[in-house]
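Not measured: the values here are computed from a predicted model. For the numbers below, each heavy atom of this structure counts, side chains included, while hydrogens, waters and symmetry mates do not.
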Amino acid sequence: MQFLLDANARMSIGRFLETQGYGVRYLAGTPEHDLEDPDVLALAHQEHRILITNDKDFGKLIFFDRQPHQGVILFRLSRESSTHYIERLQAALDQYGERLVDHFTVITDEHIRFRAVV
């Protein structure tokens, strides 16, 4: 699996994914840093990457506007520690693995909601 980290996503998530052997592209600190949300989603789709974000606006783009995507992981955590983010992401990877592709996944402190987009 390949991932695109939105500019608002923690760099530690990307570093963790890289240590697990996943391909990661970062938007923070690049010319694409200021892309609008539809363009970020299109870039992830074009490059066959799952988007990792903290921005819930991507749900609207996918469920209401029917924008194409490769999958989205949305973090909605109350604790801001990198360790907590990584633990919850590892749980999603363990539980769903390759099935994260083409799905919208919301990771909270207590749950992982995994939803196919039809």
Joint cluster assignment, [X] & [Y], ILVMFWY side-chain distance < 4.5 Å:
X    : Y   : value
I107 : I52 : yes
L27  : Y22 : no
I112 : V72 : no
F104 : Y96 : no
F16  : V24 : yes

What's the spacing between [X] [atom1] and [Y] [atom2] if we round to 0.5 Å?
X   : Y   : atom1 : atom2 : answer
I73 : D6  : CD1   : CG    : 12.5 Å
Q20 : M1  : CD    : CE    : 10.5 Å
K60 : R66 : NZ    : CZ    : 12.5 Å
L89 : S82 : CG    : OG    : 12.0 Å

Using modelled atom types only, decide if a donor and an acceptor are shared between the side chain of [X] and the backbone of [Y] within a distance under 3.5 Å.
X   : Y   : value
H45 : L43 : no
D55 : D57 : yes
R49 : F3  : yes

Report task. From the options Q70, R25, Q2, select the one residue that forms a side-chain hydrogen bond (donor to acceptor under 3.5 Å, both in side chains) with E47. Result ->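 It is R25, the one option of Q70, R25, Q2 that forms the side-chain hydrogen bond (donor to acceptor under 3.5 Å, both in side chains) with E47.
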Minimal non-hydrogen separation, [X] against [Y], with atom names:
X    : Y   : result
N54  : R76 : O-NH1, 3.5 Å
Y26  : R15 : OH-N, 3.2 Å
H103 : H69 : N-CE1, 4.1 Å
A28  : M11 : CB-SD, 4.2 Å
L100 : A92 : CD1-O, 4.3 Å
G14  : L5  : N-CD2, 3.5 Å

Query - From CA spacing to verdict: side-chain contact (heavy atoms from CB on, under 4.5 Å), F58, L74 - result: CA-CA 8 Å; F58 288 100; L74 171 65; over 6 Å; no
Query raised in the report: Using a distance-only test with no angle check, is there a side-chain donor-acceptor pair under 3.5 angstrom linking T108 and E110?
Result: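 No, E110 and T108 have no side-chain donor paired with an acceptor closer than 3.5 Å.
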Using side-chain heavy atoms (C-beta onward) and a distance below 4.5 Å, is [X] in contact with [Y]?
X   : Y   : result
L17 : L93 : yes
T53 : L4  : no
T83 : E87 : yes

Query raised in the report: Do the numbers put R115 on top of the ring of F63, so that NZ or CZ is under 6.0 Å from the six-membered ring centre and no more than 45° off the axis?
Result: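 Yes, R115 sits over the ring of F63.
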Query - Within 45° cone of F114 ring axis and under 6.0 Å: R99 NZ or CZ - result: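 Judged by the rule (NZ or CZ under 6.0 Å from the ring centre, within 45° of its axis), R99 counts as positioned above F114.
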Query - Residue pair V106, F75: steps toward the side-chain contact (heavy atoms from CB on, under 4.5 Å) verdict - result: CA-CA 6 Å; V106 179; F75 280 100; over 6 Å; no
Requested in this report: Start with the C-alpha gap between L77 and H84, add the side-chain angles, then the distance that decides, and say whether side-chain contact (heavy atoms from CB on, under 4.5 Å) holds.
Outcome: CA-CA 8 Å; L77 301 178; H84 187 53; 3.8 Å; yes
Below 3.5 Å, can you tabulate the donor-acceptor pairs from side chains in residues 33-42 to any protein atom, sequence neighbours excluded?
none

Query raised in the report: Salt-bridged, R79 to D109, with N to O below 4.0 Å?
Result: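 No salt bridge links R79 with D109.
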